[in-house]
Trainee: 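A single structure is presented below for examination.
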Amino acid sequence: MFQIFVDSAANLPAVTAKQYDIHVISFVNLVDGKEITCFDPNLSPEEERQKGTEYYQAMSRGCEIKTGLISTAAFEEAFRSALEADQDVLYFSLSKNISGTYNSARLASEELLDEFGDKHKIRLVDSLNASLAQGILAVYASEMRTKGMSVDEVADTLECYVEKMNGVFTVGDLKYLSRTGRIKGSVATIGNVLKIKPILRGNKDGYIVFYKNCRGRKSALNELVNLVCDNIVEPEKQILGIAHADAYEDSLYIMDKIQQKIKVRDFINTSYDFCTGSHVGPDTIALFFIGKDRELS
């Protein structure tokens with residue numbers, strides 16, 4: 001047997017993580033100097049949404065937010081608990097080209113494998129993505145584990161899924177993208193005045209890149225719907241992910257529009273995780289699905 005781990009950037013609701021027996025290692029942010037743990041295993045979906053509303057409204061008010069990595073020691077402690085329980089480890093990481101978290105997990109796994117020898121395996125799968133792109137892979141891993149697949153079989157299969165897992169999103173205010181260097185400050189100012197709403201995506205190398213501009217929020221939401229419906233493969237077999245940064249009503253609008261066009265197996269609709277959400281800002285909406293590749297039509 002093996003245990004499945006994600007970092008809290010995977011954006012899994014607490015009830016989903018519990019349902020699929022997925023272990024979440026949480027980031028910790030600083031909000032005006034106060035530590036905020038990004039994942040709480042005891043919250044209901046409604047409580048998570050309320051916590052997200054409070055967080056992103058605080059961002060809108062201009063609070064100071066600092067994010068950091070999960071330490072190698074935190075990964076070592078989590079993985080060790082599985083190894084000492086005579087189980088292997090499978091971890092789905094936030095893209096190494098977005099965060100240094102993957103490297104922290106790699107260092108922890110190397111130290112543990114030196115200690116435990118070849119008695120157990122630790123498999124790290126870089127999602128080359130973020131948010132529910134990680135989380136949905138972990139759910140699929142849990143389902144494969146239930147079918148009796150080994151850690152290597154599951155990891156090898158889902159590494160092939162990585163190159164097909166798309167993430168597309170739009171933001172509410174361009175200033176947050178300018179703060180992280182995605183766009184120039186002058187471009188953000190002009191874009192906000194002209195009500196330009198960009199569509200961005202995760203490319204095959206795990207970087208966030210520009211896809212196209214839309215004029216106005218509703219146009220951007222409809223474009224996200226079209227991107228999903230035009231590029232998804234075998235939707236009836238898929239869990240489709242929606243992550244929103246205090247934009248619940250818009251997320252319901254998107255769900256409804258998608259359901260009018262295609263039939264999917266299920267949705268996970270949740271408040272955007274605080275770690276990566278801090279870099280894209282309030283009113284961000286992101287969608288995650290498997291296509292034939294990551295080259296959107």
Trainee: Flag the pair Lys119 and Asp86 as a salt bridge only when some basic side-chain nitrogen lies within less than 4.0 angstrom of an acidic carboxylate oxygen.
Mentor: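 No, Lys119 and Asp86 are not salt-bridged.
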
Trainee: So Glu143 and Met149, do their side chains get closer than 4.5 Å, heavy atoms only?
Mentor: no

Trainee: To check you understand the geometry: which heavy-atom pair defines the closest contact between Ser109 and Ile122, and what is its length?
Mentor: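 Heavy atoms of Ser109 and Ile122 come nearest at CB-CG2, 3.7 Å.
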
Trainee: Please name all residues satisfying side-chain contact (heavy atoms from CB on, under 4.5 Å) with Arg49, sequence neighbours left out, ordered by chain then number.
Mentor: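 Scan of Arg49 (side-chain contact (heavy atoms from CB on, under 4.5 Å), adjacent residues dropped) gives Glu46, His244, Tyr248.
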
Trainee: Could you tabulate the donor-acceptor pairs under 3.5 Å formed by side-chain atoms of residues 1-17, not counting sequence neighbours?
Mentor:
residue, atom, partner, partner atom, Å
Gln3, OE1, His23, NE2, 3.2
Asp7, OD1, Ala9, N, 3.1
Asp7, OD1, Gln134, NE2, 3.1
Asp7, OD2, Tyr91, OH, 2.6
Asp7, OD2, Leu94, N, 3.2
Asp7, OD2, Gln134, NE2, 3.4
Ser8, OG, Phe27, N, 2.9
Asn11, OD1, Ser131, OG, 2.8
Asn11, OD1, Asp273, N, 3.3
Asn11, ND2, Ser271, O, 2.9

Trainee: Side-chain contact, heavy-atom cut-off 4.5 Å: Ile285 with Arg217?
Mentor: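 They are in side-chain contact.
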
Trainee: Identify every side-chain donor-acceptor pair in residues 69-76 under 3.5 Å, counting partners at least two apart or on other chains, and give the distances.
Mentor:
residue, atom, partner, partner atom, Å
Ser71, OG, Ala74, N, 3.0
Glu76, OE2, Arg80, NH2, 3.1

Trainee: Does NZ in Lys51 sit with more than 12 non-hydrogen atoms of other residues, nucleotides or ligands closer than 6.0 Å?
Mentor: yes

Trainee: Does Leu252 offer a backbone N or O that forms a donor-acceptor pair with the side chain of Asp256 under 3.5 Å?
Mentor: no

Trainee: Looking only at side chains, do Tyr211 and Asn203 share a donor and an acceptor under 3.5 Å apart?
Mentor: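 Tyr211 vs Asn203: no donor-acceptor pair found between side chains.
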
Trainee: Specify the closest pair of heavy atoms between Pro282 and Met59, including all atoms of both residues, with the distance to one decimal.
Mentor: CG-CB, 4.0 Å

Trainee: Under the side chain to side chain donor-acceptor pair (under 3.5 Å) rule, collect the residues that match up with Asp40, sequence neighbours excluded.
Mentor: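 Checked Asp40 against side chain to side chain donor-acceptor pair (under 3.5 Å); zero matches.
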
Trainee: Is Lys261 atom NZ crowded by more than 12 heavy atoms from other residues, nucleotides or ligands, each under 6.0 Å away?
Mentor: yes

Trainee: Can you tell if the side chain of Glu64 reaches within under 4.5 Å of the side chain of Val31, non-hydrogen atoms only?
Mentor: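 When only atoms from C-beta onward are counted, Val31 and Glu64 do not touch, as no gap falls below 4.5 Å.
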
Trainee: Under the 3.5 angstrom rule, does the side chain of Thr146 hit a backbone N or O of Ser142 as a donor-acceptor pair?
Mentor: yes

Trainee: So, does Ser99 use its side chain to make a donor-acceptor pair with the main chain of Thr101 at under 3.5 Å?
Mentor: yes

Trainee: Under a single-linkage definition using a 4.5 Å side-chain heavy-atom cutoff for Ile, Leu, Val, Met, Phe, Trp and Tyr, are Leu90 and Leu113 assigned to the same hydrophobic cluster?
Mentor: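 Cluster IDs for Leu90 and Leu113 differ.
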
Trainee: If you define the side chain from C-beta out and look only at heavy atoms, does anything of Thr67 sit under 4.5 Å from His279?
Mentor: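 Yes - at least one pair of side-chain heavy atoms lies under 4.5 Å apart.
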
Trainee: Under 3.5 Å, side chain of Asp32 to main-chain N/O of Leu30, donor-acceptor pair present?
Mentor: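 A pair under 3.5 Å: no.
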
Trainee: Using the rule that two of Ile, Leu, Val, Met, Phe, Trp, Tyr join whenever any of their side-chain heavy atoms come within less than 4.5 Å, decide whether Ile290 and Ile258 are in one cluster.
Mentor: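 Unlinked, Ile290 and Ile258 end up in two clusters.
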
Trainee: Name all residues meeting the side chain to side chain donor-acceptor pair (under 3.5 Å) criterion together with Glu84; count only those two or more places apart in sequence or in a different chain, and write none if there are none.
Mentor: none

Trainee: Return yes if some donor-acceptor pair links the side-chain N/O of Thr284 with the main-chain N/O of Gly281 below 3.5 Å, else return no.
Mentor: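 Answer holds: yes.
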
Trainee: Would you call Asp126 and Val162 a side-chain contact if the rule is heavy atoms closer than 4.5 Å?
Mentor: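 Answer no - side chains too far apart.
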
Trainee: Sort and list the pairs that fulfil salt bridge (Lys or Arg N to Asp or Glu O under 4.0 Å) and have at least one residue in residues 223-240, not counting sequence neighbours.
Mentor: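 Listed by first then second residue: Lys212-Glu223, Glu234-Lys237.
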
Trainee: Out of Val171, Asn213, Leu227, which one pairs with Ile199 under the side chain to side chain contact (heavy atoms under 4.5 Å, CB included) rule?
Mentor: Leu227

Trainee: Any side-chain to backbone donor/acceptor pair from Asp293 onto Lys164? Under 3.5 Å, distance only.
Mentor: no

Trainee: Any chance you could measure Phe79, atom CZ, to Asp88, atom CG, to the nearest 0.5 Å?
Mentor: 12.5 Å

Trainee: Is the closest side-chain donor-acceptor distance between Asn129 and Ser95 under 3.5 Å?
Mentor: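 No donor-acceptor contact under 3.5 Å links the two side chains.
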
Trainee: With a 4.5 Å heavy-atom cut-off, do Leu224 and Val228 have their side chains touching?
Mentor: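 With C-beta onward as the side chain, the pair stays apart.
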
Trainee: Is there a path of hydrophobic side-chain contacts, each under 4.5 Å between heavy atoms of I/L/V/M/F/W/Y residues, joining Ile98 to Phe288?
Mentor: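 No; Ile98 is not reachable from Phe288 via cluster members.
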
Trainee: Decide whether Ile208 and Tyr272 are clustered together by the hydrophobic rule: side chain heavy atoms of Ile, Leu, Val, Met, Phe, Trp, Tyr closer than 4.5 Å, transitively.
Mentor: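 Both belong to a single hydrophobic cluster.
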
Trainee: Looking at Asp152 and Arg123, is there a salt bridge between them, counting it only when a charged N and a carboxylate O are closer than 4.0 Å?
Mentor: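 Result for this pair is yes, salt bridge flagged.
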
Trainee: Checking Ser127 side chain against Ser93 main chain: does a donor-acceptor pair fall under 3.5 Å?
Mentor: yes

Trainee: Could you give me the CA-CA distance, side-chain angles and deciding distance for Val89 and Leu83, then say whether side chain to side chain contact (heavy atoms under 4.5 Å, CB included) is met?
Mentor: CA-CA 7 Å; Val89 169; Leu83 300 177; 4.2 Å; yes

Trainee: Would Val125 and Met144 show up in the same hydrophobic cluster when neighbours are defined by side-chain heavy atoms closer than 4.5 Å?
Mentor: yes

Trainee: Run Gln50 and Glu54 through side chain to side chain contact (heavy atoms under 4.5 Å, CB included) and show every step you take.
Mentor: CA-CA 6 Å; Gln50 179 58 37; Glu54 294 168 358; 3.2 Å; yes

Trainee: Look at the side chain of Thr37 and the backbone N and O of Phe39, then say whether any donor-acceptor pair between them is shorter than 3.5 Å.
Mentor: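 Here the side-chain-to-backbone pair does not exist.
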
Trainee: Check the surroundings of atom CD in Glu47: do more than 12 heavy atoms from other residues, nucleotides or ligands lie under 6.0 Å from it?
Mentor: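 Enclosed: over 12 neighbouring heavy atoms sit under 6.0 Å from CD of Glu47.
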
Trainee: If you apply the rule side chain to side chain contact (heavy atoms under 4.5 Å, CB included), what do you find for Asp205 with Leu128, and how did you get there?
Mentor: CA-CA 6 Å; Asp205 298 314; Leu128 293 174; 5.9 Å; no

Trainee: Is the backbone N or O of Ala78 less than 3.5 Å from a side-chain atom of Ser81, with the two atoms forming a donor-acceptor pair by type?
Mentor: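 At least one qualifying donor-acceptor pair exists.
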
Trainee: To the nearest 0.5 Å, tell me how far Leu137 CG sits from Leu132 CG.
Mentor: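 Reported value, rounded in 0.5 Å steps: 10.5 Å.
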
Trainee: Does Arg106 pair with Glu110 as a salt bridge, N-O distance under 4.0 Å?
Mentor: yes

Trainee: Are side-chain heavy atoms of Asp156 and Glu159 found at a separation under 4.5 Å?
Mentor: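 Yes, side chains in contact.
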
Trainee: What heavy-atom pair brings Ile242 and Ser251 nearest, and what distance separates the two atoms?
Mentor: CG2-CB, 3.9 Å

Trainee: Could you measure the distance from the CG atom of Asn166 to the NZ atom of Lys292? Nearest 0.5 Å is fine.
Mentor: 9.5 Å

Trainee: Which is it for Ile65 and Tyr55 under the side chain to side chain contact (heavy atoms under 4.5 Å, CB included) test, yes or no, and what are the steps along the way?
Mentor: CA-CA 10 Å; Ile65 293 179; Tyr55 185 85; 3.4 Å; yes

Trainee: Going by heavy atoms in the side chains, are Val168 and Leu200 under 4.5 Å from each other?
Mentor: no

Trainee: Rounded to the nearest 0.5 Å, how far does OG of Ser60 lie from CG of Asp246?
Mentor: 7.5 Å

Trainee: For the OH atom of Tyr20 and the OH atom of Tyr140, what is their distance to the nearest 0.5 Å?
Mentor: 9.0 Å

Trainee: Hey, is the main chain of Pro235 close enough, under 3.5 Å, to the side chain of Arg265 for a donor-acceptor pair?
Mentor: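 Looks like no, no N/O pair under 3.5 Å.
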
Trainee: As an exercise, state the distance from SG of Cys275 to CG of Asn29, rounded to the nearest 0.5 Å.
Mentor: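 One finds 6.0 Å between SG of Cys275 and CG of Asn29.
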
